[in-house]
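Here's the structure, in structure tokens; my notes come after.
Counting from 1, the numbers follow the sequence of the chain as shown. As the structure is a prediction and not an experimental result, all values here were calculated from the model. These values consider heavy atoms only, across backbone and side chains, with no hydrogens, waters or symmetry-generated copies.
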Amino acid sequence: MDLKWIHTFVHAAAQENFRRTAEELYISQPTVTIQMKQLEQYLGCQLFARVGRRVQLTEEGRRFLPHAKHLLDVHQEGLQDLLRFKQGFSRSLNLAVSPLVAAYLIPHVLSQYVAANPDVEIQVQVLESKHIADAVLQNQVDLGLSRMWASDDRLSCEVMGEDQVILVAPHDGYDNEGAAPLDLEELLARHMLLTYNHPEYWEPVMQDLQMRYPYMRTMLVTQVHVTKRFIEEGLGISFLPEITVRRERMEGRLLQVDCPEMNLPTARTYAIMKRDVTEGRLFLDFFRTFM
């Protein structure tokens, strides 16, 4: 049996049209027809029945289809495993990380880990924090680095680090010596508050602010990097983890505003995994040396 027959069969089953199958696979329609006849002869059954100008899977065809897909999957997995072996990989580590972790926390750690562990093949999925625990539970990844606590009893969830949350405003054009101190109440009178760009700390912050400044205007912006860009353009102010605006503050594009009247929270990074995942645990031990 030729694996090309199986590949063509799976596509033809999805299209139920030999002409479109040929176009999709960049082969001729007669080639599709011949390959399907060869596969039917090999299996000793009819896989397709003609219905006008279309084809339709027979009962035998429907029964064989999941096995055909499995054969292709096994073939692909075999090729990938051989490629990993040729590249020197003997272990694998699958990570799910939040966009904030991917952008600000993990790049340096990951580069050091790769250098120290050349035999580990690493895959990184960037997911919203609210989806990371599910990815770990469903065994899609070995370890999740999230900005949200996972309360599921089937998971281990531990704090990996904390960042101070600060109020950030657009630069006012003054240097540090000539500028008047920035005041939260005045800023809220002139700017919208850009909210809920981080998944965990906003509820207590909003409760505090709404009690103090009930007439403030808000705009929901669900991504930190978008919030920063909006602030730079003068669209508003926001409370963000200090690590996410460190460069912009150093370059003078954003200003930190002191808020002595508020008890500002911290933003945490959590490691989420099942308790028996060895590669995840080894990576966490390595990660801790950088925190």
Inset, instruction - Determine the interplanar angle of the H198 and Y201 rings, folded into 0 to 90°, and report it as parallel if under 30°, tilted if 30 to 60°, perpendicular if over 60°. - result: parallel
Inset, instruction - Check V245, L254, L240, T244 against I166 for a side chain to side chain contact (heavy atoms under 4.5 Å, CB included) and give me the one that passes. - result: V245
Legend entry - Hphob cluster co-occupancy, L39 + L3, side-chain heavy atoms under 4.5 angstrom: yes
Legend entry - Pair E261 + R212: basic N to acidic O under 4.0 Å: no
Inset, instruction - Return the orientation label for the F64 and F9 ring planes: parallel under 30°, perpendicular over 60°, tilted otherwise. - result: tilted
Inset, instruction - Decide, yes or no, whether a salt bridge links K228 with E232 under the criterion of side-chain N to carboxylate O below 4.0 Å. - result: no
Inset, instruction - For the pair T227 (side chain) and Q223 (backbone), establish whether a donor and an acceptor sit closer than 3.5 Å, ignoring hydrogens and angles. - result: yes
Legend entry - Electrostatic pair R147-E200, nearest N-O below 4.0 angstrom: no
Inset, instruction - Give a yes-or-no answer on whether the side chains of W5 and Q38 include a donor-acceptor pair shorter than 3.5 Å. - result: yes
Legend entry - M148 reachable from Y104 in the ILVMFWY side-chain graph, under 4.5 Å edges: no
Legend entry - E279 and K274: CA distance, side-chain angles, deciding distance, salt bridge (charged side-chain N to carboxylate O under 4.0 Å, His left out) verdict: CA-CA 11 Å; E279 289 302 333; K274 292 185 174 178; over 6 Å; no
Legend entry - Hydrophobic cluster identity match, L188 and V165, side-chain contacts under 4.5 Å: yes
Inset, instruction - May I ask you to decide if D119's main-chain N or O and N117's side chain share a donor-acceptor pair within less than 3.5 Å? - result: no
Inset, instruction - Go through the side-chain N and O atoms of T266 and D163 and say whether any donor and acceptor fall under 3.5 Å apart. - result: no
Legend entry - Side-chain ion pair, E251 and R253, N-O less than 4.0 Å: yes
Legend entry - The single option from V101, I132, I106 passing side chain to side chain contact (heavy atoms under 4.5 Å, CB included) against L95: I106
Inset, instruction - To the nearest 0.5 Å, tell me how far S129 OG sits from H131 NE2. - result: 9.5 Å
Inset, instruction - Return the minimal non-hydrogen interatomic distance between S146 and I272, and the atom names on each side. - result: CB-CD1, 3.7 Å
Inset, instruction - Indicate the atoms forming the closest heavy-atom contact of T21 with A12, along with that distance. - result: OG1-CA, 3.3 Å
Inset, instruction - Using a strict 4.0 Å threshold on nitrogen-to-oxygen distance, state whether E233 and R229 make a salt bridge. - result: yes
